[in-house]
Protein chains: 2
Amino acid sequence: MLHSPVLEALGRRITGGALPAGATLTLDGIGTEFGVSRTVAREAMRLLEGLGLVRSGPRVGIVVLPHDAWNVLDPRVIEWRLAGPGRASQLRSLTELRQAVEPLAASCAARGATAAVRDELVATARRMRELGEAGKGDGEEFLALDIQLHELLLRSSGNELFSALADVVAVVISGRTHLGLMPAYPEPEALDAHEAVALAVARGDGAAAEEAMARIVREVRGALGEGTRS
Amino acid sequence: MLHSPVLEALGRRITGGALPAGATLTLDGIGTEFGVSRTVAREAMRLLEGLGLVRSGPRVGIVVLPHDAWNVLDPRVIEWRLAGPGRASQLRSLTELRQAVEPLAASCAARGATAAVRDELVATARRMRELGEAGKGDGEEFLALDIQLHELLLRSSGNELFSALADVVAVVISGRTHLGLMPAYPEPEALDAHEAVALAVARGDGAAAEEAMARIVREVRGALGEGTRS
DNA sequence: CCTCACCCATTGGTGACACCATTGTGACGT
DNA sequence: ACGTCACAATGGTGTCACCAATGGGTGAGG
């Protein structure tokens, strides 16, 4: 897979704004810049076209499209934008999406999760409380548990569209701690809410799970929304 | 653009289940079947790979991946699955996603929409009521208005991720009437709810907009959830 | 029966080529 | 001076023939 370098570089360059909408590229240009043949440049370009980042036509070359034509829900586009400038804005959009999706996903999981998943959820929440109360709320282990809990919920929702967001949510959560936005001692309410979700799902109480998850996401949103009012 | 036929055909075949997970293809096979060169077969295959439908490697050919590896949020995948068997299940998943996203989007739109959009929303809702009470709830014009209202809301939410779902929601809505699931005389509650959303957004009342939109989507879900209990 | 090395089918990547749509330019006429 | 039309340059689209790399099946050997 030799496109990776080309695709990655171009994708990041476009989503990062280094190549603004309306900028044009040529296959030969790409080929010579990356020291790669026309064919692989073409394939990378096709992928970019599939992501809605560019449009190509004879005589005009490869034109960068405005951001409202992008497939902003594609994991690759999300990752690129999360890595470039505008990371904060992207994080807010994603958190808003989480706010919409995760409560309902939790409610669905309360109806559809297997017994094994229910057990794992409460065990995870319990472990999170232990670590949090030990002042390790900003550590890798706490992060891994946090991700695991949310991923378990989304994947057990019985809705493949929610499951598809699990990776994205994982990236968002890890982004928050790696950006140093997590306190060593998490808010007790956050710990309570995580445990409440797990327990509600375990006993099949969809409404309670939904409400507790809504509390979690609201807290997350408040934590990173400070100062960046749109 | 010669990949379109190949990409479309293969995509539909895979998402439709005609090519089950584990099935293998070869570039030469694709080329001869569609009367196309290896290069374009390769590019079509790259696109499919980008959608998570297949994986390709030397000596192994192109293998179809299980459905949990698919980019189920990609508009093309959604369209293909909506056209094939499993349309009903896909429709339920999408409606669940709408249930999660649209209420929050309406709430955001109440804060962010322009004056022009607010006016257009109430005009659209009013026109829907007229048509609905005239017994044209299953017609093309009513459908167009319904789509317009939801699209305006999503696009005015100020969240690009919600905006990206506008096309999908449009397809879902149109799918419902084209499948003959819309009554000529819509439920009065549905008409009321649409108007309530428009008015709430117009006066900037996010909570009311959210609540009214939740009513709409709940009604939709009930309408197509009958009989297909999972 | 298990292990391991080898073979070869099939993708990955390259370069050269013909084709054609689009666009910009310039000539021509009014 | 301005509009129209035709032509040529540009750069993507599709094809072909070729070589390199890889990895799974196969068969020999323990």
Side-chain angles (χ1 to χ4, degrees), chain A residues 1-15 18-66 69-71 74-77, chain B residues 1-15 18-66 69-71 76-77:
Chain A
M1 214 95 84
L2 194 15
H3 331 345
S4 308
V6 185
L7 180 65
E8 288 284 301
L10 263 353
R12 296 198 133 89
R13 219 175 279 178
I14 294 173
T15 56
L19 282 174
T24 63
L25 303 169
T26 68
L27 290 178
D28 294 304
I30 298 173
T32 59
E33 178 183 350
F34 294 92
V36 91
S37 82
R38 250 178 111 81
T39 310
V40 25
R42 276 174 58 173
E43 284 174 359
M45 194 272 296
R46 280 275 187 278
L47 269 305
L48 290 176
E49 203 174 16
L51 295 175
L53 298 189
V54 302
R55 190 176 54 92
S56 74
R59 173 72 197 192
V60 301
I62 301 153
V63 191
V64 177
L65 294 177
W70 299 351
N71 265 16
D74 188 285
R76 274 164 300 186
V77 175
Chain B
M1 217 95 85
L2 200 6
H3 335 347
S4 310
V6 185
L7 181 64
E8 288 284 301
L10 261 356
R12 296 198 133 89
R13 218 175 282 178
I14 294 174
T15 56
L19 283 173
T24 64
L25 303 169
T26 69
L27 289 178
D28 294 309
I30 298 173
T32 60
E33 177 182 350
F34 293 92
V36 91
S37 80
R38 234 175 82 103
T39 310
V40 28
R42 273 173 61 172
E43 283 175 1
M45 194 274 297
R46 279 279 187 279
L47 268 306
L48 290 175
E49 202 174 18
L51 294 175
L53 298 189
V54 303
R55 191 177 54 91
S56 73
R59 172 70 194 191
V60 69
I62 301 152
V63 295
V64 178
L65 294 176
W70 299 352
N71 266 15
R76 276 164 301 188
V77 175

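Letters A, B, ... are given to chains in the order of the sequence lines, protein chains preceding strands, and every chain is numbered from 1. Fair warning: this is a prediction, and the values are worked out from it, not measured in the lab.
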Could you check how far [atom1] of [X] sits from [atom2] of [N], rounded to whole Å?
| X | N | atom1 | atom2 | answer |
| --- | --- | --- | --- | --- |
| Leu47(B) | dT13(D) | CG | P | 12 Å |
| Arg55(A) | dT13(D) | CZ | C1' | 16 Å |
| Ile62(B) | dT10(C) | CD1 | C1' | 9 Å |
| Leu48(A) | dG12(D) | CG | P | 14 Å |
| Arg42(A) | dG13(C) | CZ | C1' | 13 Å |

So if I take every side-chain heavy atom of [X] and compare against [options], which nucleotide ends up nearest?
| X | options | value |
| --- | --- | --- |
| Asp28(B) | dT11(C), dT14(C), dA9(D) | dT11(C) |
| Val60(A) | dT14(C), dT22(C), dA9(C) | dT22(C) |
| Arg59(A) | dT22(C), dG25(D), dT13(D) | dT22(C) |
| Thr26(A) | dA21(C), dG12(D), dT14(C) | dG12(D) |
| Leu27(A) | dG12(C), dT10(D), dT13(D) | dT13(D) |
| Ser37(B) | dT15(D), dT23(C), dT14(C) | dT15(D) |
| Pro58(A) | dT22(C), dG14(D), dT11(C) | dT22(C) |

Check [X] against [Y] and note the closest heavy-atom contact, atom names and distance.
| X | Y | answer |
| --- | --- | --- |
| Trp70(A) | Ile14(A) | CH2-O, 3.7 Å |
| Gly31(B) | Ala41(B) | N-CB, 4.3 Å |
| Gly50(B) | Arg76(A) | O-NH2, 2.9 Å |

Q | Of Arg38(B) and Gly57(A), the one whose closest DNA chain D nucleotide lies more 5' | A | Gly57(A)
**Q.** Residue whose nearest DNA chain C nucleotide is more 5′ - Thr39(B) or Met45(B)
**A.** Met45(B)
Q) Does the pair Val60(B) and Thr24(B) meet the rule for a side chain to side chain contact (heavy atoms under 4.5 Å, CB included), with working shown? A) CA-CA 8 Å; Val60(B) 69; Thr24(B) 64; 5.7 Å; no
**Q.** N/O (side chain, Arg46(A)) to phosphate O (OP1/OP2, dG12(D)) under 4.0 Å
**A.** no
Q. Counting only side-chain N and O atoms of Ser56(A), is one of them less than 4.0 Å from OP1 or OP2 of dT13(D)?
A. yes
Q | Audit row: Glu49(B), Arg46(B), salt bridge (charged side-chain N to carboxylate O under 4.0 Å, His left out) steps and yes/no | A | CA-CA 5 Å; Glu49(B) 202 174 18; Arg46(B) 279 279 187 279; 3.6 Å; yes
